[in-house]
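Working notes, beginning with the structure itself.
In the text below, chain A, chain B and the rest are named by the order of the sequence lines, each starting its count at 1.
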Amino acid sequence: MHKYRTHNCNELNLKNNNEKIILSGWVNKKRDHGNLLFIDLRDNYGLTQCVVDKNKNFFSKLEKLQLETVIKIEGKVVERSKDTINSELKTGQIEVKIESFEILGECKELPMPIFTDQEYSEELRLKYRFLDLRRKKIHENIILRSKVIEFIRTEMTKYGFLEFQTPILTSSSPEGARDFLVPSRLNPGKFYALPQAPQQFKQLIMVAGFDKYFQIAPCFRDEDARADRSPGEFYQLDLEMSFIEQEDVFEVVEKLFVNIFKKFSNKKLKYEKFPQIKYEDAMLYYGTDKPDLRNPLIISDLTNVFKRDDVKFEIFKKLVNSGSLVRAILTKNTKDKPRSFFDGIDKWAKEQGASGLAYFTFEKNNNISAKGPVGKLFSEESLKEIMKITKAEIGDSIFFSCGKINDLENIISLARDKIGKELGIINEDEFAFCWIVDYPMFEEDKSTKKIKFSHNPFSMPQGDINKIDYNNPLNIKAYQYDIVCNGVELSSGAIRNHIPELMYKLFSIAGYEKNEVDQKFSGMINALSYGAPPHGGIAPGIDRIVMLLANEKNIREVTMFPMNQNAEDLMMNAPSEVSPNQLKELNLALNKKK
RNA sequence: GGGGGUGUAGCUCAGUUGGUUAGAGCGAUCGCCUGUCACGCGAUAGGUCGCGGGUUCGAGUCCCGUCACUCCCGCCA
């Protein structure tokens, strides 16, 4: 017989009736009747009720056990009487009569309860993560994560991809996020950087001729945390393919995602062929490049309406004259919504820092009119034009806001989410994927007014590369794409620029000299000069995929040992100070701020 | 770097207009209980009210500062 167990805590049933068995696990719950004691024994797999009465001489010892003590019990499986069956347990038709027991792991008084639905502070959970992870919900989330990763590996292998590891100690790169640095002992004064992503390596793998690569890759970026963004590290399904176009990447990823989400969630997929939305259109219709397509609301541009003489909305007209835009959200058949609904949205918008959201409802008695505080400022003709632009009908309402393009897109996008939620028109039981395509290659830095890469400097510009208009860099589009699900950005990818001359040219637009590019990206630019295949890829975030599947709003709920917002590991006490000797070996001196 | 929220028993929280000895549930300890599965019943212990300062006859409560956690903005090619 096995030393610790013959079965796990989720597998005994009537078929085992009368068998002598051994179970090991944690004391999940005790129910002490004085002369009769029930113990729910828990392991990774489930619960089994064990029972003992006062006739056993070890009764009082068992009675005094702390919850969460690890014990081994030997006993006999017995059928429960009909009125004591627990249909909620898989093992609920039987129980185990304890004949002997042994303590395998003592447990001190718990800093927090395990077997409870009660929530407790993040700080406590992270400090005692090993206890927190025993709780059902998060325990299952972590198992889900493992299964998803296993499935991804199997699928990718099936599609002909090879998994490779790439270095964790690499070089710092000037573009992108802040690097984590690691001092080099053998090279005084020099530093490694942890990779923000295996970007250059995966391109080098293509140059090396491996054709299709993937990796569940750790990525390190020293930036501030958010609910959906761990500080420090996260994982990507990094993939890259040679001799392909954008559509080939889409095909692989769509197939993979459809398979993952069908296998691991009961929610419906709104699209199995993911819609492709141009970046420009996304910004116009949704105000963001990560739209939640479960929300049917669409944004329209009404700027020109406010240039008409028969519109008397003077505040907006003035702003429009000085370069602001007006954009609107149409809600269908909301004429009977109470005034408080409309004012509530307006009040909410003001709380978001906007000047508010104006609104009215289209009405018709003899003539078409607008009902609402600012309704009388619109002529019938202007209302007809608005109805045409927004495809409105009588009984519909519009909310509209005016501002400079970035602020306006921001607030109207938030308003679209808010109004959608208020109206209850977002289907929580589905996943709506989409591609955002045709990103601009460059953008203007708001503060410095300089041209910079808007996304990834290694992307291939679109169109005939001999006819690119370098004088108007902001018009250059790239083969650059994002995949978005339910308003969550899962990943960016691109067809890469594998032509060194073209890369120098693009870098020069962003203000990098040739020798600077050679120096900073030496590995890659050099490699591209020795016969590089056309290639491209993408890198979906594993943590966010699991977050969507587990229906969680916080990435720490699907991360086993996360750091807190301050990038500290409260359990391991990281980061920590190091000894003077360690510093000396690394040729480092500290210059601490008080 | 900036803004919001929270901080009271081991845990989750209540605490009125500033007013007696700061409460409840869970947990812990002790006692009772042979069919529970959130078992039940009784008792006991457990508090620098995050920390520091101020106002006041009197502060958990008001004011100022500070710290911790969290959410958001900046940042994240």
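Taking atom CG on D228(A) and atom C1' on C72(B), their separation rounds to 11 Å, with Å as the unit. In this entry the distance linking NZ of K553(A) with P of C71(B) reads 13 Å, nearest Å. Atom CD of Q118(A) and atom P of U12(B) are 7 Å apart (whole Å). Atom CE of M563(A) and atom P of C69(B) are 13 Å apart (whole Å). Distance N566(A) CG to G1(B) C1': 13 Å, rounded to the nearest Å. Between L89(A) atom CG and C37(B) atom P there is a gap of 12 Å when expressed in whole angstrom units. The CZ-P distance, from F115(A) to A38(B), rounds to 7 Å in whole Å. In this entry the distance linking CD of E233(A) with P of C76(B) reads 20 Å, nearest Å.
Put simply, the side chain of Q49(A) and the base of U36(B) share a donor and an acceptor less than 3.5 Å apart. Between the side chain of R221(A) and the base of C75(B), no donor-acceptor pair of N or O atoms lies under 3.5 Å. In this model, a side-chain donor or acceptor of D224(A) finds a partner on the base of G74(B) within 3.5 Å.
Contact check, N86(A) against U36(B): no side-chain N or O comes under 4.0 Å of OP1 or OP2. Applying the 4.0 Å criterion to OP1 and OP2 of C73(B), one finds that R226(A) has a side-chain N or O inside that range. Not one side-chain nitrogen or oxygen of N35(A) sits closer than 4.0 Å to the OP1 or OP2 atom of C33(B). Contact annotation: N554(A) does not reach the phosphate of U70(B) (side-chain N/O to OP1 or OP2, under 4.0 Å). For the pair Q565(A) and C71(B), the criterion of a side-chain N or O lying under 4.0 Å from OP1 or OP2 is met. Of the side-chain N and O atoms in K29(A), one or more sit less than 4.0 angstrom from OP1 or OP2 of C39(B). Not one side-chain nitrogen or oxygen of R31(A) sits closer than 4.0 Å to the OP1 or OP2 atom of U36(B). The side chain of R556(A) places an N or O atom within less than 4.0 Å of a non-bridging phosphate oxygen (OP1 or OP2) of C71(B).
U55(B) is unpaired under the criterion used here, namely a Watson-Crick or G-U wobble arrangement in which both key atom distances are under 3.5 Å. Across all strands shown, U17(B) remains unpaired; no Watson-Crick or G-U wobble contact has both distances below 3.5 Å. Base pairing analysis places C69(B) opposite G5(B); the two distances defining the Watson-Crick or G-U wobble pair are each below 3.5 Å. When both distances must be under 3.5 Å, the Watson-Crick or G-U wobble mate of G42(B) is C30(B).
At a threshold of 4.5 Å between non-hydrogen side-chain atoms, the residues E443(A) and K452(A) count as touching.
Both tests hold for K505(A) against Y470(A): distance to the six-membered ring centre under 6.0 Å, angle to the ring axis within 45°. Judged by the 6.0 Å and 45° rule, K514(A) forms a cation-pi pair with Y504(A).
Base engagement by P457(A) is indicated by at least one non-hydrogen atom pair under 4.0 Å involving a base atom. Within the nucleic acid shown, S121(A) comes within 4.0 Å of sugar-phosphate atoms alone, with no base atom in reach, counting heavy atoms only. Q199(A) comes within 4.0 angstrom of a nucleotide base, judged by non-hydrogen atoms across all strands. Among the heavy atoms of the strands, none lies under 4.0 Å from E489(A). Residue S454(A) is classed as a sugar-phosphate contact, given heavy-atom separations below 4.0 Å to backbone atoms only.
Taking the side chain of Q66(A) as heavy atoms from C-beta on, and the options C69(B), G35(B), A28(B), the nearest nucleotide is A28(B).
Donor-acceptor pairing under 3.5 Å is lacking for the side chains of D482(A) and Y279(A).
Nucleotides C62(B) and U16(B) have their P atoms positioned 9 Å apart, rounded to a whole Å. Using P as the reference atom, G3(B) and G15(B) are 28 Å apart when rounded to the nearest Å. One C1' atom belongs to U12(B), the other to U6(B), and the distance between them is 14 Å to the nearest Å.
Toward the 5′ end of RNA chain B lies the nearest nucleotide of K64(A), the other residue of the pair K30(A) and K64(A) mapping further downstream.
Looking at D238(A) and K202(A), a side-chain N of the basic residue comes within less than 4.0 Å of a carboxylate O on the acidic one, giving a salt bridge. With respect to R544(A) and D228(A), a salt bridge is recorded, a charged nitrogen being found less than 4.0 Å from a carboxylate O. Residues R229(A) and D224(A) are not paired through a salt bridge, judged by the lack of any N-O separation under 4.0 Å between the basic side chain and the carboxylate.
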